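Written out below as structure tokens is the structure these notes cover.
Reminder, nothing fancy here: chain letters follow the sequence lines and each chain counts from 1. If you're wondering where the values come from, they're calculated on a predicted model, not measured in any experiment.
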Amino acid sequence: MKVDTLSDAQERLTALQAAAASPGRDQAIVVGLKDASPLVRQNAIALAARHLAPEVLAEFLADDEDAILRNAAQAALERQGPHAIPHLLSLTRGADPELAFFAVQILSTINDVSAKQALLPLLDHSDRNIAQAAVEALGHMRATEAVPALIRLLAGDPWLQFAAASALGRIGDARAVGPLLERLDDELLAEIVVEALGRMGDAATLAPLLDRLVSSDRLPLRDQLLLAVAAVLERNPGLRGVPARARLWRPEVRAGLGEYLGGLLAMHDATLARSAGVLVVHAELWNLMPALLARNPDSGEEGWLEGMLRRCRRRARAEWLPLLQHSDPRVRAGALLQVPFGAGAGPALAACLQDRDPEVRAAACFALGRLREPSAASALARALRSSDAREHAAAAQALAQLPRQSLAELAPDLEPGADEEQMERALGVLEQARSTMHRERVRALVQDGRPALRQAALRVLGRYPGHAADGWIMAGLRDDDTVVRIATVEILVRRRCRKAIPALVELLSAGHPLRYHLVRALGRLRARAAASRLQALYAGAPLHERIEIVVALNQMAPAGLLAFLREVLREPDVELRRVASDGFVRAAGAHEFETMVALARDADWVVRNHATWGLGRLGLPEAQSHLMLLARDVEPLVARTAQAAMGRLRGNSRGRDA
Amino acid sequence: MNGQFAEEEWKLLLDLVSREFGLVFQDSRRRHLESRLLPRLRALGLESFGAYYRYLARHPERGAELRELARIVTNNETYFFREAHHFDLLVQQVVPQLSTHSRPGLLRVLSAGCSSGDEAYSIVIALQGALVDRTGLDWQIDACDLNSARIAQAREGLYEAGSLRACDELGRSAHFSAQGDRFRLRPEHRKGTSFFEANLAVAGLDLPGAPYHVIFCRNVLIYFSEEAFHRTLSHFHRTLVAGGYLFLGHAESLIGRRNDFQPVRLCNSIVYRKQDKNP
């Protein structure tokens, strides 16, 4: 028996790819659609979308015997997108209910506006499966024109009620809020209605959802209610009255809810825990704050929680300071990182710089930096000298945020006898702060014997405003150390220092690795004056530099670029051809239409993608048929580019008609 | 390649990661990966992911950068005695069977995708705990990973507390000595281990200690592309002795995907045995 190992699957894949260019192509594709290996099948689906007619693929949808083939045909029709729509619409009106059902599902995935109107009558189809598929499709397509009919279905056939509630939630039209709220206590529909209301996030639904959340103890409905409440609160940050409402909860209700939310905050489920956090903050359930803060540092939710706490800062400041004394270091660190303490909290935050836990000390640096508290400068400068990497990195970041004069504290770190690492850290702070303090010392360090310090000093100068420092920085181009020279090139580009262009061009005679960076720098500076020099270098340059020369020329767009790129497009290396096609499609005018069409047939998907974008950019009506073909490209990204380009063409055409 | 081609740059980069390392990334992890790659762009003085892709594709120093990339894209989540029942199965079921059938004398085990060595050392601790060496059986534990930094850490044998999360107090003190807030593996547990860099997804992978009696490759294949998955399994098939065992993570299965490995139920766990293609 033949085993399905990699080599077998690969052999079949190779055979399929070879057949794609042969007379037996269509048959080979159909065989591939039935293949047991997903590797082969995915390739066959891409080829089927490109080469088989929708009518052929649709026949396989009716194949009850071979589910693999049917699913593959469905996937291929989905990938065909706009090309398949006319035939799929005809199937929705056909006599075969199963085909009609699949056609509606595929139209839903394709999600093209042109199908919405055609699907509306299917909401009342006598076959409930088709009607349900149409409900789901219109929900997926966010068809607002379907809202009245979907509201009607909410009160109709129970089979369709679920789908209608879900679709209304997806569409998010305010007309559906009232009818959905009316179904909130429907035992069968409650969960889906709550989910729909959560999706909509309408402020008017907060009170009824919150009332049911505190009184409900039935899972998973309670989880669904919490998610919906949190969604409404997040969608409407200005909503008031939740704490007042919470104060009316009876103690046992409050305790029960607290237990429920506390349990969620300890869970790994980030969605439910985050929703619990939203309610904790908005309802000011401060006894749960430690649980919320303790989970936060690991959960990637930092920005979210900080923003939410910032919104209710005035109400709760007094409640937050004791968190800095909490026995759990995660809570202390969490509070320092997330809670937007006011100016009065400076001494309490500074005291945390003495905490025994390095995470907490680093978090204290962060909090002091955010406060921009000048009196903390001295303590932060000490933290900058810490041996703990987290702490000194946080101190550097904090110092950079303090008022300008605070950086006077760095003077001892920059003195000639200071430790090299310490000097680097201090220079890093000056760079981050874009500070011009200690200017003479920084200038002197550009001449220091240690390359790392020269580089760090150049970076500081690179942040100086205006162009006064350009001359000092350009001296770095003559540095003995190549790494410093490369860093200088980057600094000059970031400063958009066009004054440096002649010096950069002069250095092009340097070898690897500096020249690679010079070429890229000249491109980024749009140094058109360097174009002819780069073109002259091209033939003798190593491959990686040739690629960057093409990229740089694309950025400069000098005269004669198209002719140069046409030559590069004949090169065998695919990366060269890719960058060349990128430049070509950006620079080419309508007279290059045929070249663009030829590139759109290229074997490499990146070249095709560029050409597709270029055809859309030209906006010529004759591009339509080519784009229709590209919208079924074997590479989905090319297909998406083509579909977007077709959309633009349609827009142009409507504009012309108007 | 910028602006409207951001998606293209991203796909080129992901295709390269898949081609080089066999790893696939979901779109949902894009921001996470981007934030991890940004320091590399800064270090190389590159301004975009497109420039980074071109560097990885054609720059003469691409080899060094691919190793950096491997360090970034690999998931190093591991700890001692993760899925602890596997180590019980090894010493209680697999080793006695192998001893009976083939009398290996030297038990050869591969820990594939070993990260910082937690799994390889867990195997040694388990074998020593079962007094396997007193039966006259010796072992060689080869352990490989794509990530050179993790291999260096494995050789150093120094671990954060998180790596010992499945060890009780007794286990911690028996197998490790405290070193500040970290833990150093006791030297006797290094016995027979050998760590080296290897990319499981490349064609023609050469594993120096083959043939192996047992391969551990847990929670690695779930990150692989379909192609890399099959290629790796073919390597394993080639490098296992006849009837050799393959241990996978609980979320990984070969059932319905490979018929050259036979699923075997051992004490309510599924492990796989090499099956000859043409029995």
Side-chain angles (χ1 to χ4, degrees), chain A residues 1-10 13 36-42 300 358 483 486-487 489-491 493-494 512-513 516-517 520-521 523-524 542-548 551 554-555 573-576 578-579 581-583 586 605-606 609-610 613 616-617 635-638 640-641 644, chain B residues 1-12 14-16 22 31-32 35 41-48 50-51 53-62 162 180-181 201 203 225-238 254 256-261 275-279:
Chain A
M1 190 178 111
K2 203 174 181 186
V3 289
D4 178 18
T5 61
L6 170 69
S7 57
D8 289 335
Q10 270 192 328
L13 181 59
S37 159
L39 189 65
V40 179
R41 219 160 52 237
Q42 283 306 321
V483 174
I486 290 171
V489 171
E490 180 63 24
I491 291 165
V493 173
R494 290 212 178 138
H512 174 76
Y516 168 79
H517 293 276
R520 292 178 41 256
R524 288 162 71 197
L543 179 57
H544 70 293
E545 284 184 13
R546 288 161 74 196
I547 290 170
E548 296 307 326
V551 174
N554 288 347
Q555 290 165 322
D573 183 79
V574 71
E575 300 299 343
L576 265 177
R578 286 172 172 178
V579 291
S581 65
D582 180 33
R586 287 171 196 275
W605 70 266
V606 178
N609 197 40
H610 293 165
W613 180 84
R617 177 184 147 264
E635 169 49 52
L637 192 59
V638 178
R640 283 205 295 276
T641 306
Chain B
M1 267 189 278
N2 51 27
Q4 50 275 79
F5 294 131
E7 289 301 313
E8 179 186 295
E9 290 178 350
W10 183 243
K11 180 173 161 46
L12 282 167
L14 290 196
D15 284 355
L16 182 139
R31 281 184 62 185
H32 171 75
S35 66
L41 267 66
R42 274 197 291 274
L44 296 168
L46 301 173
E47 69 287 0
S48 68
Y53 164 75
R54 295 194 301 272
Y55 189 100
L56 290 164
R58 292 290 186 267
H59 197 278
E61 280 149 36
R62 66 187 288 274
D181 55 357
S225 67
E226 188 71 12
E227 209 165 346
F229 167 88
H230 283 291
R231 192 176 294 140
T232 304
L233 265 299
S234 293
H235 293 321
F236 291 166
H237 194 271
R238 183 168 45 81
L254 302 187
R257 297 182 78 184
R258 301 281 298 198
N259 53 12
D260 49 354
F261 286 91
Q275 185 158 293
D276 279 334
K277 286 185 183 179
N278 301 305

Exercise for the section: Please state whether the side chain, the backbone, both or neither of A/I486 comes within less than 4.5 Å of a heavy atom of chain B. Expected result: neither
Exercise for the section: Run the numbers on A/R524 and A/E490 for salt bridge (charged side-chain N to carboxylate O under 4.0 Å, His left out), then give the verdict. Expected result: CA-CA 10 Å; A/R524 288 162 71 197; A/E490 180 63 24; 3.0 Å; yes
Problem - A/E545 versus chain B, the contacting section by heavy-atom distance below 4.5 Å - result: neither
Exercise for the section: Pick one of side chain, backbone, both or neither for A/D573, based on which atoms fall under 4.5 Å of a heavy atom in chain B. Expected result: side chain
Handout entry: A/V606 vs A/L637 side-chain heavy atoms within contact, under 4.5 Å
Key = no
Exercise for the section: List for me each residue that meets side-chain contact (heavy atoms from CB on, under 4.5 Å) alongside B/L254, sequence neighbours excluded, and say none if there are none. Expected result: B/F229, B/L233, B/L246, B/L248, B/R258, B/F261, B/Y272
Problem - With B/H59 via ring-ring contact (aromatic ring centres under 6.0 Å, His included) - residues at least two apart - result: A/H512, A/Y516, A/H544, B/Y55
Exercise for the section: Counting only heavy atoms closer than 4.5 Å, note whether B/E47 contacts chain A via side chain, backbone, both or neither. Expected result: both
Problem - Contact class of A/Q42 relative to chain B, heavy atoms under 4.5 angstrom - result: neither
Problem - Side chain to side chain, B/D15 and B/W10, heavy atoms closer than 4.5 Å - result: no
